[in-house]
Every structure is written in C-alpha cells, then in structure tokens.
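Data block below; observations after.
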Protein chains: 2
Amino acid sequence: MGAVRDLERTKEKILRAALSEFCAKGFAGARTAAIARRAGVNKRMIFYCFGSKENLYREILWRKIGESMRFFESEPTELVAALIRWAQKWRQEVNWIRLWEWEALERGVRPVVAEEARRECVKVVLEKLRRAQEEGRIPQGPDVDQLFLALVAVTVFPYTYPQLARLASGISPMSEEFATRQMKFLHWLGERLTCAGFEKTAEPNRTAKPQRRSEVDHTDKPAQSPV
Amino acid sequence: MGAVRDLERTKEKILRAALSEFCAKGFAGARTAAIARRAGVNKRMIFYCFGSKENLYREILWRKIGESMRFFESEPTELVAALIRWAQKWRQEVNWIRLWEWEALERGVRPVVAEEARRECVKVVLEKLRRAQEEGRIPQGPDVDQLFLALVAVTVFPYTYPQLARLASGISPMSEEFATRQMKFLHWLGERLTCAGFEKTAEPNRTAKPQRRSEVDHTDKPAQSPV
DNA sequence: CCCATAATTAACCAAATGGTGATTTGCGCT
DNA sequence: AGCGCAAATCACCATTTGGTTAATTATGGG
C-alpha cells in the first residue's frame, strides 16, 4: 500500500481533518495542532503542504464552493421541488452551512475567496427564477432577488439557528421528525407561492386554484430537470 | 461629574465595549485587552468587575435576551405588520443577530444562558400565531412552529448572510435601497400567506401578559442534559 | 487630618498559538 | 550497497492569551 510517505494522501488527510475542525470552530478557533492530531499527521506537515493556516482554509473554501456550484447547476426549476431539494441538501450538509456562516461572521461582507465563482453561481439560480417568472411558473409579483433570498432563507434557517429551531419545534432540527414537518410545511408554502393568481399581477386573488402538483422524491436523486 | 472612580460606570463602559467586541469577533475571537482599550479602562478591571471573560459574555447575553423578550411581547399580531416590524428590528440590531449567530456556532445547540427565558419568549410568539390561526387571521394549513421559523428566517436572513444578500441583490443589505425592496417583498409575501382561501375574522383582542423579570445571575448553570 | 476600604493600575505569568530551522527517515534509482 | 531527495519528525521560537499578584491612588466617614 502506498499509504506511507505519500504526500497526496497526507494532503487529503489534512484537508479532511481541517474541514471538520474549521466547521466546528471557525478559522480563528481552529487549532493547527488539533487538525494535525485529527489527521494523524505531524503538525509540521500542515505548513509543509499548505504553507499557512490561512492557505489551508482557502483551499477548503475553494473545494466546497466548487461542490455547491455543481449542485446549483443541476437544480430543478420547479419551485416546490427546488425548496424540497435545497432543504434536503442543507440537512445533509450542515457542515457546509456552518463553514459559510463562519465565513460571514469572521471575514465580513466581502468573500475572501472565489468571489467571482460565487457570483456566477448565484446568477445561474436567479436566471432560472427569472425565466420561470416570464413563463408564468411562479408569480410575477416579487423581486427575484428577494424571492431567492427568501427561499434559501426558509430552507437554511433551521440549520443556521438550530437553537431557535429546537426551541420553536421542541425537537432537534436534525431529527427525522423535524425533516418531515419541514417537508410538509415547504409543500404548503410552495403551493401558496405558486398557485393563486399570478397570471397578471400580485393582486390578492380568491381563486385558489389547485395546480399541477409537483412530484417530489424524498430520496436524494439527481432529479434532473436542467435549464 | 461622578465619572471618576465609579464602579457602576466602569461596569457599564466595559459592557458596552464588550458588546461591540463580542459582536465583531465572537467569544473566542474577542480579546479582553481590546475590550479594555475600547472601554478606556484598565484590563484588570474586567476581571475585577466580572471575574472572567466567560462571565462577562454571559452578562451580555442576559441583557440582550431581556431586550429581545420585551420586544417580542409588544409585537403586533397582524402578520404583515409583524414581518415588517421584525425586518426593521433586525436591520437596526444587526449586532444582536451577530451575537446570536456567534452563539449558535460557538456554543452549539444548547443555550449557555437563559434557556428558560428564551423558551418562554418563543412560546409567547407561537401562542400568538396559534391564536391568529384559530381566529382565522392566518391560514390553518401550516404548523405554527414551522411558520414561525419561516417568518423569522425570511426577515433575518439578509443580515445573517450579508454576503449572499449582496451577491443576490447587488447591493448591501444595510442600504436603504435594500430595505425598500425587502419591505415590498414582505408585503407581497404577507398578502400571499394571509389572503387566499380562508375567512378573515378580525378581532382586535390583545391580552397583556405580566412577565417576571429574571434576576441576573453570574453563576448561571448550563442546565445540562445529555443529548 | 487620618485611615480603612474600595477602585485603579502596573508588572507579570503560565499556557497556548501559528510558524520554522535543523534533522532524520525511507523510497526509488543506479 | 550507497546515493539523492522528498517526506516526515523534533525541538524550538516569538507572540499573544486570559488571568493574577501586589502595589497605588482616591474617597468617604470619623
């Protein structure tokens, strides 16, 4: 086995360990010694491989951002489906959310890494929403920007503030039970947002017309419906 | 002026400075030396007054939680109004949001301080929602827990992830422009959520609930329970 | 005015931190 | 076998950290 004295392998081990550590403690709170211990590697190797704690952090952000971009690119256009899909994604990627959150808190408004890539990623989703709006699949009323933020907000929030989610619902946001309730709510919300009277204006309209019910698979399949 | 050698005054100065520092850097990132400098006070005084960094932090949480509870108690029952009111509140209390967020990240799911007080605070709002639901002022469909989380989510999100808000909208979430757009969106959303397909039975019934103010306790124990 | 006491300060400390220089160890090659 | 070189280790550093010991200064009461 080439596992001894294999630099690539060592790098991977460090990256994996560093991801956990950064997710758990943030950049400032993370300890290089702890990363080394978790990785089962001499602390010196961190600096040998990545030069500095900062560089290591950047490297991890790059990787994670790449992943998330790939996710958004393959995301379904139908609103309820997207909501469900996102919620599931966040649930199984709490670490990524935490990383994101740490960064917002520690680093401030300007992304330290891959600003362009991120902008691109967001733009793609916004574009989809805009097209959906033009084609009448979602209401014309709201700003797509704001709508997008709201959709992400609703799905991500319980994992961003697990404390509050637990206080409100009485159970852990990581539990199956919570996920079920959330799905149910997201369905309701999605229907609300898409169905009633979006043909013309955002005028409140009494004709709550049941519309094509979106098929949602709770399993995390690719759910392809590109563009 | 009695500003010289006044312990209460000194405490206040420290608390104010510590609030900024903790909001900016979190607990781990905050530096006692920086707090002292900001407060224009000898570092030793922090420990003289509060015993430890940890205690100082707890004290601040206590105060802020008290504030937020008072806010929620006086909050309007009408949904759109509540949305608007919350959004405005968050906007002018970004520091409080940050503190909250830091805590979620650094301290984990279990509140370190005032768990009971918080639960009470959430319960009050949930109760209002439930009543609104019974009286038909908001739809019967959704779980109040989930609805509550979603409402908070939508209003708080831009300030939680200013990076993303900026990427999506192109402007700073702290700008006037953003606030305007958000208000417009919240109106739209509120209408959507309340109007279609149920009867509106307006009954301006407001019950003021007397609230016991908790005594500040430096030795607040985390109320441990294995999770 | 004096003195006990409380508020304030200065100097200091042990532990921990990110980071390095020097050294050893093992793999691949001839 | 022996050599070159990269991978891995070890011991160490300068700095920063929360926290403390002990000295100093003001204040209010007698």
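Throughout, a chain's letter reflects where its sequence line sits, starting with A, and its residues are numbered from 1. Basis for what follows: all heavy atoms, side chains included, without hydrogens, waters or symmetry-related copies.
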Q. Can the ring centres of B:Phe27 and B:Trp102 be said to be less than 6.0 Å apart?
A. no
Could you state the atom-to-atom distance from [atom1] of [X] to [atom2] of [N] in whole Å?
X       : N      : atom1 : atom2 : answer
B:Phe50 : D:dG18 : CZ    : P     : 16 Å
B:Phe27 : D:dT17 : CZ    : P     : 14 Å
B:Met45 : D:dG18 : CE    : P     : 18 Å
B:Lys13 : C:dT8  : NZ    : P     : 8 Å
A:Arg37 : C:dT17 : CZ    : C1'   : 13 Å
A:Glu54 : C:dT17 : CD    : P     : 18 Å
A:Phe47 : D:dA8  : CZ    : P     : 16 Å
A:Lys53 : C:dA16 : NZ    : P     : 16 Å

Is [X] salt-bridged to [Y], going by a charged N under 4.0 Å from an acidic O?
X        : Y        : answer
A:Glu177 : A:Arg181 : yes
B:Lys13  : B:Glu8   : no
B:Glu54  : B:Arg107 : yes

Q) Got more than 12 heavy atoms from elsewhere within 6.0 Å of NZ, B:Lys89? A) yes
Among [options], which nucleotide has an atom closest to any side-chain atom of [X]?
X       : options                : result
B:Thr32 : D:dT9, C:dG18, D:dG18  : D:dG18
B:Ser52 : C:dG19, D:dG19, D:dT21 : D:dG19
B:Arg5  : C:dT20, D:dG19, C:dA6  : C:dA6
A:Leu7  : D:dG18, D:dA7, D:dT21  : D:dA7
A:Asn42 : D:dT20, D:dT25, D:dC10 : D:dC10
A:Lys43 : D:dA7, C:dT8, C:dG18   : C:dG18

Check the phosphate of [N] against [X], side-chain N and O only, distance under 4.0 Å to OP1 or OP2. Yes or no?
X       : N      : result
A:Arg31 : C:dT17 : yes
B:Tyr48 : C:dA7  : yes
B:Thr10 : C:dT8  : yes

Q) Looking only at N and O atoms, is any donor in the side chain of A:Arg44 or the base of C:dG21 less than 3.5 Å from an acceptor on the other one? A) yes
Q: For A:Ala28, answer base if it contacts any base atom (sugar-phosphate contacts may also be present), sugar-phosphate if it contacts only those atoms, and nothing otherwise; contact means non-hydrogen atoms under 4.0 Å.
A: nothing
(Q) Need one value for A:Ala34: base, sugar-phosphate or nothing, where a base atom within 4.0 Å counts as base even if backbone is also close, heavy atoms only. (A) nothing
